[in-house]
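Worksheet: the structure to be examined is printed underneath.
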Amino acid sequence: MNCYLHNEKKEVSKCNICQKPLCEDCANFCEEHGACPTCLKKQVQNMYQSSKRGIWYTITSMLCAVVFLTLYVIDLSLGKLEKSFVIIGAIILGILLPLTIFLLIHSLKKRNEYKKFLENNIKNNENQ
């Protein structure tokens with residue numbers, strides 16, 4: 001059999017995921033990345049979609065934190081909170097806000113990495 005991407009080249013291996021025949025160049029790619037170009041592209045597309053959902057979850061968490069902070073400040077200014085609630089609220093805010101900001105930044109970076117990979121992969125496939 002011949003490589004499924006390069007019909008003119010002989011098969012030397014198979015993809016770890018789809019089991020399609022691969023030539024030496026594709027087999028090297030597969031060894032390096034753990035999948036053939038087509039399977040890797042599918043995996044990265046799935047991760048990209050997942051990262052988009054993660055960004056929306058993080059934004060939702062941030063909005064909840066802001067609502068909590070607003071209500072907390074209002075209650076604190078009215079003097080209706082007990083001392084223990086003030087301490088607990090401060091601890092929650094001290095953890096929740098930085099964590100959601102970190103997760104948002106991390107998700108955006110990963111999303112950009114996946115997007116660049118997909119764009120480069122599409123350009124490479126068009127050039128072949």
Side-chain angles (χ1 to χ4, degrees):
M1 284 187 80
N2 290 340
C3 175
Y4 85 100
L5 289 173
H6 308 103
N7 291 331
E8 69 283 356
K9 296 182 180 180
K10 293 281 185 194
E11 172 190 354
V12 296
S13 181
K14 292 190 183 291
C15 173
N16 298 332
I17 297 173
C18 67
Q19 297 301 311
K20 290 182 180 174
L22 303 173
C23 65
E24 188 173 345
D25 293 337
C26 291
N28 290 338
F29 181 91
C30 188
E31 264 185 51
E32 185 178 333
H33 299 287
C36 69
T38 306
C39 291
L40 184 62
K41 184 178 177 185
K42 287 178 190 175
Q43 288 178 333
V44 172
Q45 284 173 331
N46 289 339
M47 288 187 284
Y48 177 73
Q49 292 300 324
S50 180
S51 71
K52 283 172 59 175
R53 283 190 302 274
I55 290 169
W56 284 110
Y57 294 149
T58 305
I59 289 172
T60 302
S61 296
M62 287 181 79
L63 290 174
C64 290
V66 168
V67 168
F68 177 78
L69 176 63
T70 304
L71 294 174
Y72 180 73
V73 169
I74 290 171
D75 281 347
L76 193 59
S77 65
L78 294 174
K80 293 188 175 186
L81 289 176
E82 294 179 20
K83 194 173 190 176
S84 61
F85 287 118
V86 172
I87 294 169
I88 292 170
I91 291 170
I92 290 172
L93 287 173
I95 294 170
L96 186 62
L97 283 176
L99 182 63
T100 54
I101 291 168
F102 168 78
L103 290 174
L104 179 62
I105 292 168
H106 179 71
S107 297
L108 289 170
K109 283 182 181 177
K110 281 296 185 186
R111 182 174 174 251
N112 287 338
E113 288 174 17
Y114 299 146
K115 188 176 183 179
K116 285 178 187 175
F117 177 86
L118 290 172
E119 288 170 354
N120 290 339
N121 194 292
I122 290 168
K123 287 178 187 174
N124 290 343
N125 287 344
E126 288 173 355
N127 292 337
Q128 287 182 355

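Small disclaimer: the values here were computed from a predicted structure and weren't measured. We number each residue from 1, following the sequence as shown.
- Residue I105 is grouped with residue L63 when hydrophobic side chains (ILVMFWY) are merged at heavy-atom distances under 4.5 angstrom, including chains of intermediate members.
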Steps toward side-chain contact (heavy atoms from CB on, under 4.5 Å) verdict (H6, L22): CA-CA 8 Å; H6 308 103; L22 303 173; over 6 Å; no
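- Cluster annotation: F68 and V73 are assigned to the same hydrophobic cluster (Ile/Leu/Val/Met/Phe/Trp/Tyr, side-chain heavy-atom contacts under 4.5 Å, transitive).
- Scanning for side chain to side chain donor-acceptor pair (under 3.5 Å) contacts around K20 gives an empty result, with sequence neighbours left out.
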May I have the step-by-step check of side-chain contact (heavy atoms from CB on, under 4.5 Å) for C3 and C26, ending in yes or no? CA-CA 8 Å; C3 175; C26 291; 3.8 Å; yes
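- Applying the side chain to side chain contact (heavy atoms under 4.5 Å, CB included) rule to E113 yields the partners K110; only residues at least two apart in sequence or on another chain are considered.
- I101 and W56 fall within the same hydrophobic cluster, where Ile, Leu, Val, Met, Phe, Trp and Tyr residues are linked whenever their side-chain heavy atoms come under 4.5 Å apart, directly or through other members.
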For the pair D25 and K9, evaluate side-chain contact (heavy atoms from CB on, under 4.5 Å) and give the outcome as yes or no after the intermediate values. CA-CA 9 Å; D25 293 337; K9 296 182 180 180; 2.6 Å; yes
Residue pair C30, S13: steps toward the side-chain contact (heavy atoms from CB on, under 4.5 Å) verdict: CA-CA 9 Å; C30 188; S13 181; over 6 Å; no
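- Side-chain atoms of Q19 come within 3.5 Å of backbone N or O of C15 as a donor-acceptor pair.
- Heavy atoms from other residues, nucleotides or ligands lying under 6.0 Å from CD of E24 number 12 at most.
- Of all heavy-atom pairs spanning N7 and N2, the tightest one is O-ND2, 2.7 Å.
- Nearest heavy atom pair, residue F29 against residue C36, reads CE2-C, 3.9 Å.
- I17 is not connected to V44 by any chain of hydrophobic side-chain contacts under 4.5 Å among Ile, Leu, Val, Met, Phe, Trp and Tyr, and they are in different clusters.
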